[in-house]
Amino acid sequence: MHHFPDESILKLMLHHLYVLLLGFIISFLGQLPLGNMNLTATQLSVQENLRNAWKYGLGIVLVEIIYLRLALTGMDWVVEHKQLFTIIGWLTIFVFMVLGVLAFVMARKQTSAKKGLLLNNKMNRFLLGVVVSGINPAQIPFWFLWSTELLNSKVLMPTTGQFNLFTAGAGLGSLAGLALYIHGGKLLITKLKTRAEYLYGNCFHFSWFVPII
């Protein structure tokens, strides 16, 4: 005689899986738009190696899941300190604008494909990912808005288990998104470089992209 799981237990398991996949999809799609963080992962894979690119990616994801967990468990605190995050956000924009201008000035003076400001150092790439992701407070309002919407719609239940599943899914989604930039970006850049060298007989200097900050 076969014993089938109780219908309520089966529904709960399916809902848990849904929450995990939802976190994965939201985070994966959020990682796809071009930005300094994911383009730096591509640059690391091309100019250094895949190991360093993944160390950097893991640093980024670690901070992101911490931010997400804070958004899930401390939404009331975030609401009370919205002005603080607004100030931090504007300061971050200013810092990145300054770094962008400096990177552009340095790029104009370069005669070969060199590393940008962000990579022109000996900092451990995992730590670099942690720092870059840590000074990007935009992740807080992003996850705060999604968490609020999912909780209000009863898709995400305010339990530790579901919070953990959603956070795990989000972490995996970010890793998948970064994988596209690390491996897909490296493949694309390599093919473009090979094609350019073939078309121009190695006489045309190919700089795969302006060094990013």
Side-chain angles (χ1 to χ4, degrees), residues 15-44 53-100 118 126-182 184-185 212-213:
H15 185 70
H16 283 342
L17 179 60
Y18 177 68
V19 169
L20 181 71
L21 291 176
L22 196 60
F24 179 93
I25 293 171
I26 292 173
S27 189
F28 176 76
L29 294 178
Q31 197 67 246
L32 293 184
L34 293 174
N36 288 321
M37 289 198 300
N38 43 30
L39 285 178
T40 298
T42 300
Q43 190 173 10
L44 280 168
W54 272 112
K55 287 169 66 176
Y56 167 82
L58 289 173
I60 286 179
V61 173
L62 174 63
V63 173
E64 183 175 4
I65 61 177
I66 291 175
Y67 277 161
L68 170 56
R69 209 63 177 79
L70 289 174
L72 288 171
T73 58
M75 285 191 290
D76 293 336
W77 187 89
V78 173
V79 171
E80 293 174 0
H81 297 81
K82 284 193 295 185
Q83 187 175 4
L84 173 62
F85 285 99
T86 300
I87 295 173
I88 294 175
W90 282 108
L91 287 175
T92 303
I93 292 173
F94 175 76
V95 170
F96 274 106
M97 286 180 62
V98 172
L99 290 174
L118 195 60
F126 174 79
L127 181 59
L128 179 65
V130 169
V131 172
V132 171
S133 187
I135 62 174
N136 179 28
Q139 298 175 83
I140 288 285
F142 173 84
W143 285 117
F144 171 71
L145 291 173
W146 271 109
S147 301
T148 302
E149 177 62 28
L150 294 174
L151 285 169
N152 289 338
S153 62
K154 306 299 182 180
V155 173
L156 181 65
M157 304 305 294
T159 65
T160 300
Q162 292 220 347
F163 283 175
N164 289 339
L165 283 171
F166 187 74
T167 302
L172 293 173
S174 289
L175 287 175
L178 286 170
L180 289 180
Y181 280 91
I182 292 173
I212 58 179
I213 60 174

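None of the values given here were measured: they were computed from a predicted structure. Index from 1, following the sequence.
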For this session: List the steps, then state whether side chain to side chain contact (heavy atoms under 4.5 Å, CB included) holds for Leu72 with Leu156.
Result: CA-CA 10 Å; Leu72 288 171; Leu156 181 65; 3.8 Å; yes
For the [atom1] atom of [X] and the [atom2] atom of [Y], what is their distance to the nearest 0.5 Å?
X      : Y      : atom1 : atom2 : value
Thr148 : Trp143 : OG1   : CH2   : 12.5 Å
Lys55  : Leu128 : NZ    : CG    : 10.5 Å
Leu175 : Leu58  : CG    : CG    : 6.0 Å
Leu22  : Leu20  : CG    : CG    : 9.5 Å

Donor-acceptor contacts, no H, no angles, side chain residues 165-174, under 3.5 Å, sequence neighbours left out:
from: Thr167; atom 1: OG1; to: Phe163; atom 2: O; distance (Å): 2.7
from: Ser174; atom 1: OG; to: Ser27; atom 2: OG; distance (Å): 2.5
from: Ser174; atom 1: OG; to: Glu64; atom 2: OE1; distance (Å): 2.6
from: Ser174; atom 1: OG; to: Glu64; atom 2: OE2; distance (Å): 3.2
from: Ser174; atom 1: OG; to: Ala170; atom 2: O; distance (Å): 3.3

Is it the case that the side chain of [X] and the backbone of [Y] share a donor-acceptor pair, with hydrogens and angles ignored and the cut-off at 3.5 Å?
X      : Y      : answer
Ser153 : Leu150 : yes
Ser133 : Gly129 : no
Tyr181 : Leu32  : yes
Asn38  : Leu34  : no

Can you give me the closest heavy-atom contact between [X] and [Y], atom names plus distance?
X      : Y      : value
Ala41  : Ala53  : O-CB, 3.7 Å
Phe24  : Ala176 : CZ-CB, 3.8 Å
Leu151 : Met157 : CD2-C, 4.0 Å

Exercise. Hey, does Tyr18 have a side-chain heavy atom less than 4.5 Å from the side chain of Val155?
Worked result: yes
Exercise. Do Arg69 and Ile65 have side-chain heavy atoms sitting under 4.5 Å apart?
Worked result: no
For this session: Applying side chain to side chain contact (heavy atoms under 4.5 Å, CB included) between Ile66 and each of Leu68, Leu62, Val63, report the one that passes.
Result: Leu62
For this session: Taking side-chain contact (heavy atoms from CB on, under 4.5 Å) as the test, write out the residues that go with Ile25, two or more places apart.
Result: Leu29
Problem set entry | Partner residues of Leu21 under the side-chain contact (heavy atoms from CB on, under 4.5 Å) criterion, sequence neighbours left out | Leu17
Exercise. Does Trp146 have any side-chain hydrogen bond (donor to acceptor under 3.5 Å, both in side chains) partners at least two apart in sequence or in another chain, and if so, which?
Worked result: none
